[in-house]
Q: 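If you scroll down you'll find the structure; I have some questions about it.
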Amino acid sequence: MKKKATILTIILIILICLTLWIIWGNKALERSVYTVRSERLPAAFHGFRIVHISDLHNAEFGECNSKLLEMIRISDPDLIAITGDLIDSRHTNIRVALEFAEEAVKIAPCYYVSGNHESRIDEYNQLKESLEALGVVVLSDARTDVKQGGEVITLMGVDDPAFSGVYEVEETAALINDKLLSLKTEDRGYTILLSHRPEHFDVYAQKGLDLVLTGHAHGGQFRLPLVGGLFAPSQGILPEYDAGLFARNQTTMVISRGLGNSAFPFRLNNRPEVVVIELEHLPTA
């Protein structure tokens with residue numbers, strides 16, 4: 001009897017520890033820093049820092065996202081890129097999204113593109129207009145110039161394909177391809193793309209983009225050592241593009257693991273992530 005009680009006590013302790021670890025792992029922010037080097041980057045942008053935020057899904061880290069905003073602030077960004085799913089269509093709270101944006105624009109210029117969750121809500125136009133009123137630049141199939149020290153880079157953003165009622169991977173790839181053809185009509189020098197979906201890396205690389213910032217995959221939700229993420233939307237089991245940095249030819253893609261959760265209410269071994277990217281100019285040989 002005593003042995004059985006001891007075993008049950010051990011199991012209970014293990015379950016409590018596992019629960020606490022999961023709770024901590026869903027609230028403890030992690031900062032990942034990447035350096036992206038290019039000969040095409042104008043020298044004036046050497047050391048330019050981008051904080052990349054994705055898939056907030058109405059999550060809050062501290063009161064009014066104070067902990068998230070503080071991590072962004074100490075990262076000293078020149079630009080904040082938000083790559084979609086700022087809200088969650090299953091429990092939409094525009095207030096949380098706007099409170100975050102209102103404080104983020106005080107830290108650095110903010111640029112935003114939509115995700116698939118924004119396409120599902122009736123309030124998207126309200127969200128978009130409110131973000132713009134706060135000073136966030138909404139890149140809705142649009143491009144803009146970012147200037148520093150008399151030099152320029154191009155920033156582009158595409159709406160999520162779900163806004164067009166397109167969901168199959170082949171169809172979303174074709175739609176993204178068409179959007180980029182209309183946006184990148186000539187060589188505009190160093191070009192950064194904000195796009196929610198990482199699974200279209202082939203398309204991004206074919207277009208000769210220099211840097212692509214994406215999210216959507218949630219880091220594969222559950223991550224295993226030596227394996228990586230287990231499942232990602234639009235990619236399925238063992239996704240190829242789940243998190244981190246990928247490079248092909250002149251194109252580098254950085255995938256944020258994101259911050260919040262959606263269909264899966266928790267993540268495992270996959271802390272919410274703030275990505276910091278530092279650009280470095282490489283002198284031509």
Side-chain angles (χ1 to χ4, degrees), residues 29-38 49-57 59 68 71-72 75 77 79-86 111-117 139 155-162 169 172-173 176 180 191-207 209-264 267-279:
L29 291 168
E30 182 174 28
R31 181 169 57 172
S32 300
V33 181
Y34 300 98
T35 300
V36 176
R37 302 174 176 89
S38 174
R49 291 171 69 85
I50 301 170
V51 164
H52 177 202
I53 298 295
S54 195
D55 299 276
L56 185 61
H57 284 282
L68 172 58
M71 182 169 283
I72 294 173
S75 299
L79 182 153
I80 299 171
I82 306 170
T83 56
D85 285 1
L86 192 56
Y111 297 81
Y112 161 85
V113 294
S114 60
N116 57 299
H117 275 257
L139 291 171
L155 192 63
M156 303 195 312
V158 290
D159 277 329
D160 191 82
V169 174
T172 57
I176 292 288
L180 294 178
T191 301
I192 301 174
L193 172 69
L194 309 187
S195 178
H196 187 57
R197 298 177 181 246
E199 63 266 23
H200 300 313
F201 185 42
D202 288 346
V203 176
Y204 306 143
Q206 287 168 8
K207 293 296 172 289
L209 299 163
D210 295 286
L211 177 61
V212 184
L213 306 183
T214 66
H216 190 48
H218 290 209
Q221 199 72 31
F222 303 152
R223 295 186 66 80
L224 297 179
L226 305 178
V227 175
L230 294 187
F231 180 87
S234 308
Q235 296 186 72
I237 297 173
L238 299 179
E240 181 177 4
Y241 303 116
D242 58 348
L245 187 148
F246 296 81
R248 184 175 305 159
N249 301 326
Q250 77 177 43
T251 302
T252 299
M253 179 172 71
V254 178
I255 308 170
S256 167
R257 299 198 311 268
L259 291 156
N261 300 311
S262 184
F264 291 104
R267 48 179 65 204
L268 188 63
N269 195 34
N270 179 20
R271 287 166 59 186
E273 181 182 45
V274 172
V275 174
V276 181
I277 301 156
E278 183 165 318
L279 304 182

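Since the model is a prediction, treat every value here as computed from it, not as a measurement.
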Q: Just so I know, are the side chains of Ile80 and Ile50 near enough to count as touching, which here means a heavy-atom distance under 4.5 Å?
A: no

Q: Locate the shortest heavy-atom distance separating Pro77 from Val51; write the atom from each residue and the value.
A: CB-CG2, 3.6 Å

Q: Report the residues that fulfil side-chain contact (heavy atoms from CB on, under 4.5 Å) with Tyr34, sequence neighbours left out, ordered by chain and then residue number.
A: Ser32, Leu245, Val254, Glu273, Val275

Q: Ala205: which residues meet the side-chain contact (heavy atoms from CB on, under 4.5 Å) condition with it, sequence neighbours left out?
A: Arg248, Thr251

Q: Using a 4.5 Å cut-off on heavy atoms from C-beta on, say whether the side chain of Gln250 contacts that of Ser38.
A: no

Q: Going from CG on Leu238 to CG on Leu230, what distance comes out if it is rounded to the nearest 0.5 angstrom?
A: 6.5 Å

Q: Using ring pair (Phe, Tyr, Trp, His ring centres under 6.0 Å) as the criterion, list what pairs up with His52, not counting sequence neighbours.
A: none

Q: Output all residues satisfying ring pair (Phe, Tyr, Trp, His ring centres under 6.0 Å) with Phe246, sequence neighbours left out; order by chain, then residue number.
A: Tyr241

Q: Who passes side chain to side chain donor-acceptor pair (under 3.5 Å) against Asp85, sequence neighbours left out?
A: His57, His196

Q: Return the set of residues passing side-chain contact (heavy atoms from CB on, under 4.5 Å) with Leu268 (not counting sequence neighbours), or none when no residue passes.
A: Trp21, Ile22, Phe222

Q: With sequence neighbours excluded, what pairs up with Thr172 under the side chain to side chain donor-acceptor pair (under 3.5 Å) test?
A: His200

Q: Okay, side chain of Arg49, backbone of Ser75: is any donor-acceptor separation there less than 3.5 Å?
A: yes

Q: For Asn261, check side-chain contact (heavy atoms from CB on, under 4.5 Å) against everything at least two apart and list the hits.
A: Asn26, Gln221, Arg267

Q: Between Thr83 and Ser54 (side chain of the first, backbone of the second, donor and acceptor by atom type, cut-off under 3.5 Å), is there such a pair?
A: no

Q: Taking all heavy atoms of Ala81 and all of Leu213, pick out the closest pair and write down the distance.
A: CB-CD1, 3.8 Å

Q: With sequence neighbours excluded, what pairs up with Tyr111 under the side chain to side chain donor-acceptor pair (under 3.5 Å) test?
A: none

Q: Provide the closest heavy-atom pair for Glu199 versus Ser234 in the form atom of the first, atom of the second, distance.
A: OE2-CB, 3.2 Å

Q: Let's go through Val113 and Val158 carefully: what are the C-alpha distance in whole Å and the side-chain angles of both, what is the deciding distance for side-chain contact (heavy atoms from CB on, under 4.5 Å) to 0.1 Å, and is it a yes or a no?
A: CA-CA 6 Å; Val113 294; Val158 290; 5.9 Å; no

Q: Do you know which two heavy atoms are closest between Arg257 and Arg271, and how far apart they sit?
A: NH2-O, 2.9 Å

Q: Closest heavy-atom contact between Ala247 and Phe201?
A: C-CZ, 4.0 Å

Q: With rounding to the nearest 0.5 Å, note down the distance linking CG in Leu56 to OG in Ser256.
A: 10.5 Å

Q: Using every non-hydrogen atom in the two residues, find where Ile255 and Gly215 come nearest and quote the distance to one decimal.
A: CG2-O, 3.9 Å

Q: By salt bridge (charged side-chain N to carboxylate O under 4.0 Å, His left out), which residues pair with Arg31, not counting sequence neighbours?
A: none

Q: Can you name the side chain to side chain donor-acceptor pair (under 3.5 Å) partners of Thr191, sequence neighbours left out?
A: none

Q: Given Asp160 and Ser114, is the side chain to side chain donor-acceptor pair (under 3.5 Å) satisfied, shown in steps?
A: CA-CA 6 Å; Asp160 191 82; Ser114 60; over 6 Å; no

Q: Taking atom CG of Leu224 and atom CG of Asn270, what is their separation to the nearest 0.5 Å?
A: 10.5 Å

Q: Can you list every salt bridge (Lys or Arg N to Asp or Glu O under 4.0 Å) pair that touches residues 235-244, not counting sequence neighbours?
A: Arg223-Asp242

Q: Looking at side-chain heavy atoms only, is the closest gap between Asp210 and Ile192 below 4.5 Å?
A: no

Q: With a 4.5 Å heavy-atom cut-off, do Leu79 and Leu155 have their side chains touching?
A: yes

Q: OH/Tyr204 to CG/Leu180 distance, rounded to the nearest 0.5 angstrom?
A: 7.5 Å

Q: If we ignore hydrogens and angles and just use 3.5 Å, is the side chain of Arg197 paired with the main-chain N or O of His216 as donor and acceptor?
A: no

Q: For Leu194 and Tyr112, run side-chain contact (heavy atoms from CB on, under 4.5 Å): C-alpha distance rounded to whole Å, both residues' side-chain angles, the deciding distance at 0.1 Å, then the answer.
A: CA-CA 8 Å; Leu194 309 187; Tyr112 161 85; over 6 Å; no

Q: With a 4.5 Å limit on heavy-atom distance, are the side chains of His218 and Pro233 in contact?
A: no

